[in-house]
Amino acid sequence: MAGKIATADAVTLPELLDFIRPRHRMVLTTFRADGSLQSSPVTGGVDAEGRIVIASYPQRAKAANIRRHPHASAVVLSDEFSGPYVQVDGSAEVVDLPEAVEPLVEYFRAVSGEHPDWDEYRRAMVDQRKCLIRVTPRRWGPVATGGFPPR
């Protein structure tokens with residue numbers, strides 16, 4: 001029985017964004033004040049400017065870390081554990097309310113499609129005091145799958 005052969009496909013930025021758009025499971029890694037890594041499972045999407053977008057709260061470690069050191073890495077996963085994935089590194093920013101409201105609408109659309117009541121959604125984002133994290137891709141690895149090394 002032959003095993004699965006690992007793949008590692010180099011992609012352009014447009015190909016990267018096409019790969020990410022249907023995938024919303026990610027692990028976001030930021031830098032703590034002491035320089036060590038802090039990773040969080042997140043739900044993310046891609047905005048119209050080609051940035052990875054993640055809804056969060058201003059008091060979360062990932063938001064505080066990005067404010068201090070505006071760089072992050074996101075590993076974008078497929079729904080199936082053995083599916084393809086990619087690591088994306090880039091500059092990062094936190095967008096706070098009230099400026100975050102419309103970008104949070106765009107985030108929702110990227111991840112879940114249309115909301116039945118956008119006014120209600122906007123109110124909920126303000127009531128929950130949400131923020132938006134944006135990661136601009138600067139470097140990315142190949143789109144990869146696990147398995148045996150190719151010969």
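Along the sequence shown, residues carry numbers from 1.
- In terms of the side-chain hydrogen bond (donor to acceptor under 3.5 Å, both in side chains) criterion, residue partners of S39 (sequence neighbours excluded) are, by chain and number, T29.
- Scored by the salt bridge (charged side-chain N to carboxylate O under 4.0 Å, His left out) test, R60 finds no partners at all (sequence neighbours excluded).
- The aromatic rings of Y121 and W118 stand perpendicular to each other, their planes meeting at an angle above 60°, with 30° marking the opposite boundary.
- In this structure, S56 contributes its side chain and L132 its backbone to no donor-acceptor pair below 3.5 Å.
- Applying the salt bridge (charged side-chain N to carboxylate O under 4.0 Å, His left out) test to every pair with at least one member in residues 102-112, sequence neighbours left out, gives these pairs: E102-R122, R109-E114.
- Summarising the geometry, atom CG belonging to D96 is positioned 4.0 Å from atom CZ belonging to R67; distances are rounded to the nearest 0.5 Å.
- Remark: Y57 engages no residue in a ring pair (Phe, Tyr, Trp, His ring centres under 6.0 Å) (not counting sequence neighbours).
- T136 and R51 are not linked by any side-chain donor-acceptor pair at a separation below 3.5 angstrom, with hydrogens and angles left out of the test.
- One N or O on the side chain of H24 and one on the backbone of G44 form a donor-acceptor pair closer than 3.5 Å.
- In this structure, Y107 is not a member of the same hydrophobic cluster as M26, with clusters built from ILVMFWY side-chain heavy atoms closer than 4.5 Å.
- Residues passing the ring pair (Phe, Tyr, Trp, His ring centres under 6.0 Å) test with F19, sequence neighbours excluded: none.
- Donor-acceptor pairing under 3.5 Å is recorded for the side chains of S91 and R138.
- Residues P58 and C131 share a closest heavy-atom pair of N-SG, 3.6 Å.
- The cluster map of Ile, Leu, Val, Met, Phe, Trp and Tyr, joined by side-chain heavy atoms under 4.5 Å apart, puts V75 and V88 in different clusters.
- Listed by chain and number, the residues in a ring pair (Phe, Tyr, Trp, His ring centres under 6.0 Å) with H71 are H69 (sequence neighbours excluded).
- Remark: side-chain polar atoms of W140 are paired, donor with acceptor, to backbone N or O of V11 under 3.5 angstrom.
- Counting only distance, with no hydrogens or angles, the side chain of Q128 and the backbone of M125 share no donor-acceptor pair below 3.5 Å.
- Rounded to the nearest 0.5 Å, atoms CG (L28) and CD1 (I54) are 4.5 Å apart.
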